[in-house]
Asker: 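Before anything else, here's the structure in question.
Note that the structure is a prediction, hence the values are computed from the model and not measured. Every heavy atom of this structure was used, including side-chain atoms; hydrogens, water molecules and symmetry mates were not. The sequence lines fix the lettering, A, B, ..., with proteins before strands; numbering per chain opens at 1.
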There are 2 protein chains.
Amino acid sequence: MRSRPYHHGDLPAELLARAEQTLRERGSGALSLRELARDIGVSPAAPSRHFKTKQALLDALALTGFERLAAVISAAQEGVGESFAERLDAAARAYVGFAVTNAALLDLMFSAKHSPQASEALGATAHLWSEQLLELIRDGQRRGEVRQGALERVALPIFAALHGYAGLTVSGLLPPEVTGPGLDDVIASALRGCEPE
Amino acid sequence: MRSRPYHHGDLPAELLARAEQTLRERGSGALSLRELARDIGVSPAAPSRHFKTKQALLDALALTGFERLAAVISAAQEGVGESFAERLDAAARAYVGFAVTNAALLDLMFSAKHSPQASEALGATAHLWSEQLLELIRDGQRRGEVRQGALERVALPIFAALHGYAGLTVSGLLPPEVTGPGLDDVIASALRGCEPE
DNA sequence: CAAACATTGTGAGCACCGCATACATTGGAC
DNA sequence: GTCCAATGTATGCGGTGCTCACAATGTTTG
């Protein structure tokens with residue numbers, strides 16, 4: 001009467017999946033390893049085989065977040081015009097869309113509480129993602145639609161504007177009548193900010 | 001041999017003070033009501049007299065954060081030039097400075113996990129602060145140094161850029177060589193973004 | 001093919017946490 | 001001076017992350 005096989009099959013994957021679900025539904029604070037184990041039907045200590053600590057689970061979650069974010073932005077570049085303005089617009093909407101539908105996850109991704117070594121892996125994956133936007137801007141420079149100058153220095157203000165808008169929106173602190181056209185204004189402003197002189 | 005008076009004198013104040021200290025030193029995750037009570041030398045249930053729940057303490061902390069932020073920005077406007085560029089520059093540096101030296105607190109302030117009613121009070125105080133920046137921009141419009149248009153719509157991109165830069169810096173995800181001149185670039189870009197057309 | 005080993009899950013236990021409840025002490029209002 | 005509201009105490013409940021010794025299962029190897 002083996003109700004369940006002794007070995008689960010792919011515990012780490014299911015842990016991540018369930019964790020992401022409760023993350024989305026009840027926020028990062030409500031995430032408990034024990035509850036996770038209970039839901040999956042495994043002993044309380046089982047998760048620790050795959051994620052030594054709770055923070056490790058969160059780090060892994062953040063990492064998948066960066067991967068998904070990269071995928072989302074990449075997909076948004078398909079079949080969009082060639083001009084810098086159009087491409088940036090598409091990327092920006094993809095980024096903010098991801099941020100809003102994955103608020104708690106984004107919080108995790110950009111939280112400062114990662115373990116030092118996890119930060120390394122995270123840095124690498126985050127880099128992989130930011131490279132997309134950097135390339136986008138580099139292309140804009142090539143086309144003469146973006147001001148010259150060190151790439152990162154041109155890029156940072158754009159990153160900051162998008163990231164900040166996402167953060168403000170998710171925090172719920174800014175009045176609703178602003179969030180609507182807000183993104184358009186932010187994108188327009190960022191565009192003006194990096195126009196060739 | 002009254003080692004300690006039965007009543008503390010001003011428990012809520014000391015709770016907030018100590019909480020803010022451990023918040024700064026060890027992050028918001030490491031904040032425990034019991035530990036706080038232990039440090040202060042009071043029973044574990046005592047804090048609940050003043051902050052019914054842990055979240056209430058955090059909310060109160062966030063509220064003081066907004067007050068201090070307003071004070072910092074206000075102070076930064078003293079004795080600075082009249083031009084919009086100068087005033088914005090001063091406010092921006094004050095804001096980012098506060099954000100960097102109070103990373104965990106800022107996280108709390110803009111976290112989405114406030115209780116609904118606390119959000120109201122927070123919204124009010126946050127408004128009190130944002131009003132400063134709005135006024136600054138309104139003044140810029142009056143002087144003809146900022147583009148016309150609905151105030152909030154002009155302001156949002158600037159808010160977003162600053163908030164985003166602060167968030168990125170604190171998260172530690174962007175390479176160090178960028179954070180240095182980064183703020184200058186962000187401010188310059190925001191300025192260009194709101195120049196009159 | 002069987003024995004040795006590594007991987008993965010179990011069970012029990014520790015110290016801690018937030019929170020609730022019943023009770024003690026205090027200071028001020030009347 | 002007595003009552004009462006405010007404040008702090010004592011105790012306990014259920015939950016948590018983490019650790020460690022042990023059991024069941026795959027996998028490699030002799």
Asker: Which nucleotide, dC16(C), dT16(D), dT19(D), lies nearest any side-chain atom of Arg38(A)?
Answerer: dT16(D)
Asker: Taking atom types as modelled, find out whether Glu86(A) and Ser83(A) have a side-chain donor-acceptor pair closer than 3.5 angstrom.
Answerer: yes
Asker: Report yes if the side chains of Leu105(A) and Leu69(A) come closer than 4.5 Å at any heavy-atom pair, otherwise no.
Answerer: no
Asker: Does Ser43(A) place a side-chain N or O at less than 4.0 Å from the phosphate oxygens OP1/OP2 of dG9(C)?
Answerer: no
Asker: Counting just side-chain N and O atoms, does Ser48(B) come under 4.0 Å of either OP1 or OP2 of dC19(C)?
Answerer: no
Asker: Over how many whole Å does the gap from Leu36(A) atom CG to dC18(D) atom P extend?
Answerer: 13 Å
Asker: Looking only at the side chain of Lys54(B) (C-beta and beyond, no hydrogens), which of the listed nucleotides dG9(C), dC19(C), dT7(D) gets closest?
Answerer: dC19(C)
Asker: Without decimals, in angstroms, what is the distance between Asp10(B) CG and dA6(D) P?
Answerer: 16 Å
Asker: Applying the side chain to side chain contact (heavy atoms under 4.5 Å, CB included) criterion to Leu63(A), which one of Leu16(A), Leu58(A), Leu108(A), Leu122(A) satisfies it?
Answerer: Leu122(A)
Asker: Contact class for Leu31(A) vs. all strands (heavy atom < 4.0 Å): base, sugar-phosphate, or nothing?
Answerer: sugar-phosphate
Asker: Measure from the side-chain heavy atoms of Ala46(A) and tell me the nearest of dT10(C), dT16(D), dC17(C).
Answerer: dT10(C)
Asker: Could you tell me the separation between the CD1 atom of Ile40(A) and the P atom of dT10(C), rounded to a whole number of Å?
Answerer: 11 Å
Asker: For this output row, return yes or no: ring centroids of Phe110(A) and Phe66(A) closer than 6.0 angstrom.
Answerer: yes
Asker: Is a side-chain N or O of Arg87(A) found less than 3.5 angstrom from the main chain of Gly81(A), in a donor-acceptor match?
Answerer: yes
Asker: Please determine, for the side chain of Leu33(B), which listed nucleotide (dG9(C), dG17(D), dG18(C)) has the closest atom?
Answerer: dG18(C)
Asker: Side chain of Arg49(A) only, heavy atoms from C-beta on: which candidate in dC17(C), dC18(D), dG9(C) is closest?
Answerer: dG9(C)
Asker: Round to a whole Å and report the spacing from CD of Glu35(B) to C1' of dG18(C).
Answerer: 14 Å
Asker: Is there a side-chain polar atom (N or O) of His50(B) under 4.0 Å from OP1 or OP2 of dA6(D)?
Answerer: no
Asker: Taking 4.0 Å as the cut-off, does a side-chain nitrogen or oxygen of Thr53(A) come that near to OP1 or OP2 on dG17(D)?
Answerer: no
Asker: From the list dC17(C), dT8(C), dT16(D), which nucleotide is the closest neighbour of the side chain of Arg34(A)?
Answerer: dT16(D)
Asker: What integer distance in Å separates Phe51(B):CZ from dA6(D):P?
Answerer: 17 Å
Asker: Could you check which of dG9(C), dC18(D), dA10(D) has an atom nearest any side-chain atom of Ala45(B)?
Answerer: dA10(D)
Asker: Can you tell me the distance, in whole Å, between the CG atom of Leu15(A) and the C1' atom of dG17(D)?
Answerer: 15 Å
